[in-house]
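The next block holds one structure in the form of structure tokens; read it before the comments.
Chain naming here is simple, since letters A, B, ... match the order of the sequence lines and numbering starts at 1 in each.
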There are 2 protein chains.
Amino acid sequence: MAKIRDVAREAGVSVGTVSMVLNHADYGSPQIRKKVQDAVEKLQYVPSEMARNLSLKRTMTVGIIVPTVSHPFFAELVEALEESLYHLGYKTMLCCTRQKENAENVFIDMLQRQNMDGIIMGAHSLDTALYQGLKQPIIAFDRYLSPEIPIVHADHVLGGQLAAKAFLQHECRHIVQIAGSQMVKTPAGEYHQAFQKVMQASGVRTELVTLPWNSFGFKDSLQLAEKIFDEYRDVDGILGSDVSVASCLQVAVRKGIKIPEQLKLVAYDGTDITQSGIYKLTAVRQPIEELAELAAKKIVGLINGKPDASPWTLPPTLLAGETC
Amino acid sequence: MAKIRDVAREAGVSVGTVSMVLNHADYGSPQIRKKVQDAVEKLQYVPSEMARNLSLKRTMTVGIIVPTVSHPFFAELVEALEESLYHLGYKTMLCCTRQKENAENVFIDMLQRQNMDGIIMGAHSLDTALYQGLKQPIIAFDRYLSPEIPIVHADHVLGGQLAAKAFLQHECRHIVQIAGSQMVKTPAGEYHQAFQKVMQASGVRTELVTLPWNSFGFKDSLQLAEKIFDEYRDVDGILGSDVSVASCLQVAVRKGIKIPEQLKLVAYDGTDITQSGIYKLTAVRQPIEELAELAAKKIVGLINGKPDASPWTLPPTLLAGETC
DNA sequence: TTGAAAGCGCTAACAG
DNA sequence: CTGTTAGCGCTTTCAA
């Protein structure tokens with residue numbers, strides 16, 4: 001591995017010159033630049049990023065924490081975040097917390113060790129104390145972590161209202177809402193309240209059932225779906241995340257329930273899976289790409305100490321489908 | 001930010017002592033250790049990972065390159081890889097290449113710059129020359145990159161045979177196989193040949209249709225599904241990736257085709273989505289977790305220069321379902 | 001315009 | 001058992 005010293009010697013110039021030529025397009029005379037370029041070429045020189053990092057005190061990488069990536073919402077989110085960060089010149093460090101004991105702490109630790117320039121936190125956290133007094137840049141994605149940590153999220157009140165609007169075009173009497181675990185408050189959780197408020201005003205009965213903590217797979221939601229049909233025999237509407245609603249759809253069809261005649265379904269999130277089944281799911285779509293881009297810009301802004309007063313919230317939209 | 005110097009001063013010992021105490025559990029007298037610990041505590045000292053990296057010439061991070069993470073197979077793969085690497089003490093750097101111009105080159109470049117200790121390459125590559133003569137550790141996941149680069153992959157010949165076995169329990173006459181783009185040869189591609197060979201021997205007609213390059217979404221596969229039913233009116237069996245087959249299922253059901261009476265479907269990969277639709281898909285399951293763990297061990301082995309003669313291949317299994 | 005040299009913060013070999 | 005010091009490879013200020 002050739003080092004900058006070797007290049008300098010080969011080019012017959014000093015180390016400082018090589019560094020300057022390599023990092024500043026407008027430095028040095030054409031002759032000098034050429035000499036350096038040639039030496040680089042000849043020695044196949046590749047600068048060490050570790051050394052640059054230490055010298056410049058930054059890593060150009062951002063950490064992303066999510067519960068899992070095997071879930072359509074987080075998959076799309078992570079991919080979009082990675083892409084946005086990439087275009088801003090940042091690399092992406094990934095951490096999935098669902099299956100791990102205390103990966104969150106370890107990851108926060110790596111942040112403090114300056115292995116990353118900042119973090120976008122998209123996982124639930126039970127231990128929000130971890131985030132108190134952290135000096136490094138952090139933003140939350142649709143999560144409450146601490147009062148000082150800013151949050152990028154969709155306008156879930158509007159989201160709940162959109163869902164309500166969809167249902168209100170039909171004759172529903174009893175709607176079940178499926179929510180994530182209530183152990184942790186999240187902005188996303190708020191669409192349920194907004195929804196309920198509207199439905200209540202319209203005299204529609206609503207129910208709230210919840211998934212277990214850290215549940216993101218199909219198994220849990222299928223189980224919950226069975227329970228819902230058992231417990232609420234007259235349910236004629238269901239609102240929940242894509243995965244939850246897809247599970248309910250599956251169970252309902254197996255039971256011979258006619259969709260959408262006997263049961264209306266609205267999925268919240270609007271990921272690709274709402275489009276991939278036998279029925280296209282009617283859905284409230286979170287603008288995932290746009291939220292990701294916003295989050296990426298915000299974290300880079302924080303890293304560079306750039307104040308930014310633009311809003312941190314984006315509106316969801318209603319996606320027409322065949323289930324409501 | 002306190003540095004090691006400050007800790008040394010505070011503890012009344014030398015810098016070297018602090019470093020040794022912090023990094024070697026068996027160094028120093030209890031008294032000295034205590035003094036150091038206390039100073040660390042008091043100053044809230046956190047070592048700089050950048051400095052350690054430079055000093056130790058390693059980053060403890062591994063890069064993962066995949067085309068996308070918004071696809072159940074890669075999602076499960078990335079999650080499992082990240083988890084295995086985590087337990088081996090490595091961080092995960094993620095790069096999705098599908099939407100980016102030449103992210104692959106950029107990522108390989110980061111490898112050469114020693115920003116990562118090694119790479120697990122799970123994306124197609126048109127430019128395999130990139131991988132010639134790379135000095136850093138690389139392993140491929142189900143991809144041919146260059147003769148020197150070892151590959152972790154499922155035994156796809158067995159996979160093809162398992163699929164064949166499933167179909168042969170029924171009366172199929174005309175089976176369509178859906179393959180990825182043929183622009184690049186992959187180990188996974190080989191299940192099609194193995195399958196065809198068996199079917200041919202049994203006198204069953206098979207067809208091979210292919211998806212466009214870098215196509216991983218539902219839109220393309222739905223389109224292809226339509227085309228298949230248009231073009232092959234007498235098709236009574238379909239074999240392809242989870243996503244492809246799920247799309248065919250959707251189109252078939254809409255056309256009123258009875259599953260599995262009139263059409264048998266076998267999905268290759270066996271991700272969660274085979275279990276989440278209205279019909280459980282019969283599937284050949286790649287042992288994703290195990291492959292990921294294997295890949296993680298292999299790359300760490302290479303990084304540490306540990307020779308390892310254990311096999312690089314794992315067998316898939318047949319997952320019973322309702323579509324064949 | 002270029003070169004010399006002082007860091008960046010930590011590790012580990014070496015000497016005491 | 002502990003302290004000193006020479007790197008790790010690069011950036012950039014400061015002189016010349």
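- In terms of phosphate contacts, A/Lys3 brings a side-chain nitrogen or oxygen within less than 4.0 Å of OP1 or OP2 of D/dG9.
- Contact of the A/Ile119 side chain with the A/Gln136 side chain is not registered, since no non-hydrogen atoms from C-beta on lie closer than 4.5 Å.
- A cation-pi geometry, defined here as NZ or CZ lying under 6.0 Å from the six-membered ring centre and within 45° of its normal, does not hold between B/Lys91 and B/Tyr86.
- Taking 4.0 angstrom as the limit, A/Ser48 places none of its side-chain polar atoms (N or O) nearer than this to OP1 or OP2 of D/dG9.
- With a 6.0 Å radius and a threshold of 12 heavy atoms from other residues, nucleotides or ligands, A/Glu41 has its CD atom at or below the threshold.
- At D/dC10, none of the side-chain N or O atoms of A/Asn23 fall inside 4.0 Å of OP1 or OP2 (strictly under the cut-off).
- Side-chain contact between B/Val46 and B/Met1 is absent, with no heavy-atom pair separated by less than 4.5 Å.
- In the set D/dC10, D/dG7, D/dT12, the nucleotide with an atom closest to the side chain of A/Ser55 is D/dC10.
- The footprint of chain A on DNA chain C, defined by a heavy-atom cutoff below 4.0 Å, extends from C/dT2 to C/dG9.
- Nearest-nucleotide positions on DNA chain D for B/Gly12 and A/Ser19 put B/Gly12 closer to the 5' end.
- If you check every strand for non-hydrogen atoms under 4.0 Å, A/Val13 touches sugar and phosphate atoms only.
- Salt-bridge check for A/Asp6 with A/Arg9: passed, with a basic side-chain N closer than 4.0 Å to an acidic carboxylate O.
- Closest approach to the A/Met20 side chain among D/dT2, D/dT12, D/dG9 is made by D/dT12 (side chain taken as heavy atoms from C-beta onward).
- Residue B/Leu54 is classed as a base contact, given a heavy-atom separation below 4.0 Å to a base.
- Counting only heavy atoms from C-beta on, A/Ala51 has its side chain closest to D/dC10 among D/dC10, D/dT12, D/dT4.
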